[in-house]
Amino acid sequence: MADLAAVKRALAAQRIETPSWGYANSGTRFKVFAQPGVPRNPEEKIADAATVHRFTGVAPTVALHIPWDKVDDYAALTSYAQSLGVEIGAINTNVFQDDDYKLGSVTNPDPGVRRKATDHLLEAIDIMDQTGSRDLKLWFSDGINYPGQDDLRTRQDRLSAALRETYDRLGQHQRIVLEYKLFEPAFYATDIPDWGTSYAHCLTLGDRATVCIDTGHHAPGTNIEFIVAFLLRAGKLGAFDFNSRFYADDDLMVGAADPFQLFRIMYEIVRADALDPAYGIAFMLDQCHNIERKIPAIIRSVMNVQEATAKALLVDREALFAAQRGGDVLEANAIFMDAYNTDVRPLLAEVRADAGLDPDPIGAYKRSGYDEKIVAERVGGTQAGWGA
């Protein structure tokens, strides 16, 4: 049986990072749906992130996206965040929106474009130096649409060179978390299409390069928990981008499409004793709340991760391992499913109450008046960064 006191301690210590862009206006490829009260600047995004932390108690960091969150004084922005009880988390780069990047960024055939893109990655590390951030989050939309458009091997050489220059610029306590994406906007070949490509580049770079798993960036039916287990065993899992997908990169609320998958992923984390923040994995949300209110959606997402984690912690691992060793297929599955089918909401309510929080974060937020306040005060909120 799981030690409930230990389970509660692990849940209280859990940390989930929220994304600045999740609080801003966003939309589909067809339309950005503006909402009243969304942030107009990075400070207001941080204020909303601090509000999520105030009601959940487990979201003390907010990731920034450059240039969407560009400011003149990052030390001042960091101090502002700290005054609200949160810290700046990962710094995310953007080498996919400029016209220059039509044929790629760091893999572009034009050396001038490659230089521009790599300089942006180095700029992000300069920002990390000022914010105290540990993680440089890299995602490249680079790829090609047609066979013969460019040389596949040469593009990997260009990518490797840019990653090496960036890696060598890192400070002692900084690291790269390298994301991947199966397709879009490159439909014939993407330069980092999967976890294996990311892993191979990270192995070449060194110990401070790790893979970021985006749960929406896989082919249908992919066993994501296997990827998690493999990278944990190899010591190369650095971060998650949590979201849900039904078809492709849907960026829906984590746990919305397949909560059982989220449980299976979190079980592998618990199995490896990798839940503790000291282990170094960044559990970040990467979602776009297009039709639902932003802050309640992010609070709900944090709660979904908590619930999946609680269930994973309740797996009777001693009994499970015994059934596995004995080849008892049905018993092993039953033990696994018993934990998943447990209603952990009362347990999490206790954890929140023990921390001095309202057991019902969504209800507490609704009663707080914060939503009405920002609607009244903020006029002309910003977009996350993509066009209307």
> Can Ile227 be reached from Tyr267 by stepping across I, L, V, M, F, W or Y side chains whose heavy atoms are under 4.5 Å apart?
Replying inline: no
> If you round to the nearest 0.5 Å, how far is CG of Leu205 from CG of Leu178?
Replying inline: 8.0 Å
>> Main chain of Ala319, side chain of Asp316: is a donor-acceptor contact present, judged purely on distance under 3.5 Å?
In response: yes
>> Hydrophobic cluster membership, with links at side-chain heavy-atom distances under 4.5 Å among I/L/V/M/F/W/Y: are Ile298 and Val375 in one?
In response: no
> Looking just at side-chain N and O atoms, do Asp194 and Tyr199 make a donor-acceptor pair shorter than 3.5 Å?
Replying inline: no
>> Quick check on side chain to side chain contact (heavy atoms under 4.5 Å, CB included): which of Asp135, Thr131, Leu136 does Ser133 satisfy it with?
In response: Thr131
>> Using a 3.5 Å distance criterion without hydrogens, assess whether the side chain of Ser368 forms a donor-acceptor pair with backbone atoms of Tyr365.
In response: yes
>> Regarding Trp139 and Asp241, do their side chains bring together a donor and an acceptor under 3.5 Å, going by distance alone?
In response: no
>> Whether the side chain of Lys236 engages the backbone of Ala209 through a donor-acceptor N/O pair (distance < 3.5 Å, no angle test) should be reported.
In response: yes
> Would Ile299 end up clustered with Tyr23 when hydrophobic side chains under 4.5 Å apart are linked, directly or stepwise?
Replying inline: yes
> Can a donor-acceptor pair be found between the side chains of His120 and Asn94 at a distance below 3.5 Å?
Replying inline: no
> Closest approach of Val315 and Ala339, non-hydrogen atoms and distance?
Replying inline: CG2-CB, 3.5 Å
>> For Asp48, is there an ion pair with Arg378 - N to carboxylate O distance below 4.0 angstrom?
In response: yes
>> So which atom in Phe183 and which in Ala248 form the shortest heavy-atom distance, rounded to 0.1 Å?
In response: CZ-CB, 3.7 Å
> With a 4.5 Å heavy-atom cut-off, do Arg352 and Asp358 have their side chains touching?
Replying inline: no
> Does the pair Arg115/Asp119 count as a salt bridge with the N-to-O cut at 4.0 Å?
Replying inline: yes
>> Whether the Thr309 and Gln14 side chains hold a donor-acceptor pair (N or O, under 3.5 Å, no angle test) is what I'd like checked.
In response: yes
>> To check you understand the geometry: which heavy-atom pair defines the closest contact between Arg134 and Ala282, and what is its length?
In response: NH2-CB, 3.9 Å
> So which heavy atom on Gln149 is nearest to which on Leu103, and how close?
Replying inline: NE2-CD2, 4.0 Å
>> With a 4.5 Å cut-off on side-chain heavy atoms, are Val177 and Leu138 touching?
In response: no
>> Closer than 4.0 angstrom, basic N to acidic O: yes or no for Glu123 and Lys116?
In response: no
> Is it the case that one hydrophobic cluster holds both Phe96 and Phe140, taking links as side-chain heavy atoms less than 4.5 Å apart, direct or via other members?
Replying inline: no
> Any side-chain heavy atom of Lys311 within less than 4.5 Å of one from Phe260?
Replying inline: no
>> Is there a path of hydrophobic side-chain contacts, each under 4.5 Å between heavy atoms of I/L/V/M/F/W/Y residues, joining Val351 to Leu314?
In response: yes
> Looking only at heavy atoms, which two atoms of Val95 and Ser141 are closest? And how far apart?
Replying inline: O-OG, 4.3 Å
>> Pairing donors with acceptors under 3.5 angstrom, does anything connect the side chains of Glu165 and Thr118?
In response: no
>> Is it the case that atom CZ in Arg15 sees more than 12 heavy atoms from other parts of the structure closer than 6.0 Å?
In response: yes
> If only atom types and distance count, is the side chain of Thr222 paired as donor or acceptor with the main-chain N or O of Ala219 below 3.5 Å?
Replying inline: yes
>> Please determine whether side chain to side chain contact (heavy atoms under 4.5 Å, CB included) holds for the pair Ile265 and Ile213, giving the CA-CA distance in whole Å, both sets of side-chain angles, and the decisive distance to 0.1 Å.
In response: CA-CA 11 Å; Ile265 289 170; Ile213 295 177; over 6 Å; no
> Within a strict 4.5 Å, meaning less than it, do heavy atoms of the Lys8 and Leu11 side chains meet?
Replying inline: no
> Near Gln82 CD, under 6.0 Å, is it more than 12 heavy atoms from other residues, nucleotides or ligands?
Replying inline: yes
>> Do Met303 and Arg345 have side chains that approach each other closer than 4.5 Å (heavy atoms only, starting at C-beta)?
In response: no
>> Could you check whether Asp276 pairs with Arg9 (Lys NZ or Arg NE/NH1/NH2 to Asp/Glu carboxylate O, under 4.0 Å)?
In response: no
>> Looking at Leu252, is its backbone amide N or carbonyl O close enough to the side chain of Asp250 to form a donor-acceptor pair, meaning the two atoms are under 3.5 Å apart?
In response: no
> Quick one: does Ser244's side chain have a donor or acceptor within less than 3.5 Å of a partner on Ala256's backbone?
Replying inline: yes
> What distance separates Leu159 CG from Thr107 OG1, expressed to the nearest 0.5 Å?
Replying inline: 7.0 Å
>> Check Lys366 with Asp371, please: is the shortest side-chain N to carboxylate O separation under 4.0 Å?
In response: no
> When you check the gap from the basic side-chain N to the acidic O, do Lys373 and Glu377 get nearer than 4.0 Å?
Replying inline: yes
> Is any side-chain heavy atom of Leu348 closer than 4.5 Å to a side-chain heavy atom of Glu307?
Replying inline: yes
> At their closest point, which heavy atom of Leu77 faces which heavy atom of Pro42, and how far apart are they?
Replying inline: CD1-CB, 4.3 Å
> Got a donor-acceptor contact below 3.5 angstrom from the Ser105 side chain to the Tyr101 backbone?
Replying inline: no
>> Quick one, Ile295 with Ile374, criterion side chain to side chain contact (heavy atoms under 4.5 Å, CB included). Give me CA distance, side-chain angles, the key distance, then yes/no.
In response: CA-CA 11 Å; Ile295 297 174; Ile374 59 176; 4.1 Å; yes
> Just how far is it from atom CH2 of Trp195 to atom CG of Asp214, taken to the nearest 0.5 Å?
Replying inline: 16.0 Å
>> Test your reading of the model: is there a side-chain donor-acceptor pair from Arg208 to the backbone of His173, 3.5 Å cut-off?
In response: no
>> Any side-chain to backbone donor/acceptor pair from Gln287 onto Gly22? Under 3.5 Å, distance only.
In response: no
> Have His201 and Gln156 got a donor and an acceptor in their side chains that come within less than 3.5 Å?
Replying inline: yes
> Less than 4.0 Å between a side-chain N and a carboxylate O, is that true for Asp168 and Arg164?
Replying inline: yes
> Going by heavy atoms in the side chains, are Gln174 and Ile125 under 4.5 Å from each other?
Replying inline: yes
> Does some side-chain heavy atom of Tyr74 sit less than 4.5 Å from a side-chain heavy atom of Ile66?
Replying inline: yes
> Asn243 side chain to Asp286 main-chain N or O, any donor-acceptor pair under 3.5 Å?
Replying inline: yes
